[in-house]
Amino acid sequence: MATHALDHVRSDFDPFDANTRRDPYLTYQRLRGVGPVVRLTKYDIWAVPRYAEIKAVFADHTNFSNAGGSGVVNYFKQAPWRPPSIILEVDPPMHTRTRKVLARVLSPGAMRLLADEFKRKAVTLIDELVDKGSFDAIRDLAEVFPISVFPDALGIDQEGRENFLTYGAMVFAGFGPENGYFRELMKQAPRVLAWIEAKCRREALAPGSFGAQVYEAADAGEITLEEAALLVRSLLSAGLDTTISAIGMALYNLARHPKQWAILAADPTLARSAFDETLRYDSSAPYVFRTTPHETEIAGVRIGRHEKVLLLVASGNRDETRWERPDELDITRRVAGHLGFGTGIHGCVGQMVSRLEAEAVLAALAARVASIEITGDAIYRDSSGLRALSSLPVRVTTKQERR
Ligand code: EJD
């Protein structure tokens, strides 16, 4: 009898479907069980569910390009909805030049200058919310804090900051297939994209700010003025909705695990590692694409030219061959090596800003709050690119009340 080799597995799993996205972890586990690469038939794309191969693809920008777009749209075959990012959606040598500029602007030294201000603002906001007792952890906290500190650091004024939320929603909805949610948002595109462009101009950016520093790199001849505007746009595309989602999911997961919150409340200096553990446990940027510029392979499976490859970061972060008790949230574990910020040449260049913001919020809350009770439905956002909530009603009990 003839045997037929099956060199890969097929699945009708839809990573962008609203229902699947609610709890994808059982499906991720099954995908990890069937093979290193799975063909997702609904979109004709490859998906990579295991830690080892995700890391290997992240490390191999020659065979797995970013120039084909970070979302499901294949730029090698189809036009992007906005001019591509000149840092995320390019390969070396272009990437090397632009990355150098943002890496300098977002350096550890720059973080030290921001830390006190972030902490002070977090304490003020948390004091207000804790005094109210009940609030929405997303609308009143996760969405408020980044919008209050990050545009300041960028040098952008107060006017119209609600547009950042709409723009972020567009960027990350544009990551998945074109659906009703994306089309509805895009009705606002002409106004919001013009507003964003205006905020990226040199005149709009305060002296000494991150934005001004990007333009100084243009003065020094490292990049052009047009590129400076696009790099400021990258800071706005990647720097707000991501931290909003991550802080929101951190609050949600810590509230869902009262024992973990108690550990944090007993020692608020754990805030930073607690944040990273929530990024591992329930990654807010759960996947990202690469595109093959030519035929290649993953773990021996042939991958054709111009194929989209979906790296299931949130699945790699639960891989039982990499993590002990992967499905347990444990803020005291050694979480270094998680893929929540990506890794390799495109690994998140702003991750230290993100950690600084989240740490400020979680430490301020942990300093005052003994426990968090979820008092209503946690509602997921309809974005296909981010894992995020739009609402999480909570009531907090202060350490004083507890005594
Ligand atoms: C991103 C998954 C940009 C840009 C960079 C990074 C992201 C989005 C946009 C953050 C993707 O340069 O425009 S998490």
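First listed ligand is number 1; within each ligand, the first listed atom is number 1.
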Name the option, out of Asp241, Thr98, Thr242, that contains the heavy atom nearest to atom 10 (C) of ligand 1.
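When every heavy atom of Asp241, Thr98, Thr242 is considered, Thr242 comes closest to atom 10 (C) of ligand 1.
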Taking atom 8 (C) of ligand 1 as the point of reference, which of Ile87, Val90, Leu88 owns the nearest heavy atom?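 When every heavy atom of Ile87, Val90, Leu88 is considered, Leu88 comes closest to atom 8 (C) of ligand 1.
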Below a 4.0 angstrom heavy-atom separation, can you tell me which part of Phe172, side chain or backbone, both or neither, approaches ligand 1?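 Looking at Phe172 and ligand 1, just side chain atoms fall under 4.0 Å.
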- Query: At under 4.0 Å between heavy atoms, which part of Arg82 makes contact with ligand 1: side chain, backbone, both or neither?
  - Reply: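 Only the side chain of Arg82 comes within reach of ligand 1.
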- Message: Using a 3.5 Å cut-off on N or O atoms only, is Ser234 in polar contact with ligand 1?
- Response: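 Yes, Ser234 has an N/O under 3.5 Å of an N/O on ligand 1.
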Practice prompt. Return yes if a side-chain donor-acceptor contact under 3.5 Å exists between Gln351 and Ser354, otherwise no.
Written response: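 Per modelled atom types, Gln351 and Ser354 side chains form no pair under 3.5 Å.
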- Query: Can you find a side-chain donor-acceptor pair between Arg322 and Asn317 that sits under 3.5 Å?
  - Reply: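 The criterion, which ignores hydrogens and geometry beyond distance, is not satisfied for Asn317 and Arg322.
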Can you tell whether the side chains of Glu295 and Arg305 come within less than 4.0 Å, N to carboxylate O?
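No salt bridge links Glu295 with Arg305.
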| field | SB check Arg325 Glu320 (cutoff 4.0 Å) | value |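 Answer for the salt bridge query: no.
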Is the Phe289 ring parallel, tilted or perpendicular to the Phe175 ring (thresholds 30°, 60°)?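 Tilted: the ring planes of Phe289 and Phe175 meet at 30° to 60°.
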Tell me, please, which residues at least two apart from Arg161 pass side-chain contact (heavy atoms from CB on, under 4.5 Å).
->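 For Arg161, the residues satisfying side-chain contact (heavy atoms from CB on, under 4.5 Å) (neighbours in sequence not counted) are Ile147, Pro151, Asp152, Gln158, Phe164.
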- Atoms in ligand 1 flagged as close to Ser85, the criterion being non-hydrogen separation under 4.0 Å: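 Under 4.0 Å from Ser85, ligand 1 has these atoms: 3 (C), 12 (O), 13 (O).
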| Identify the closest protein heavy atom to atom 9 (C) of ligand 1: which residue and atom is it, and at what distance? |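 For atom 9 (C) of ligand 1, the nearest protein heavy atom is Ser237 CB, 3.8 Å.
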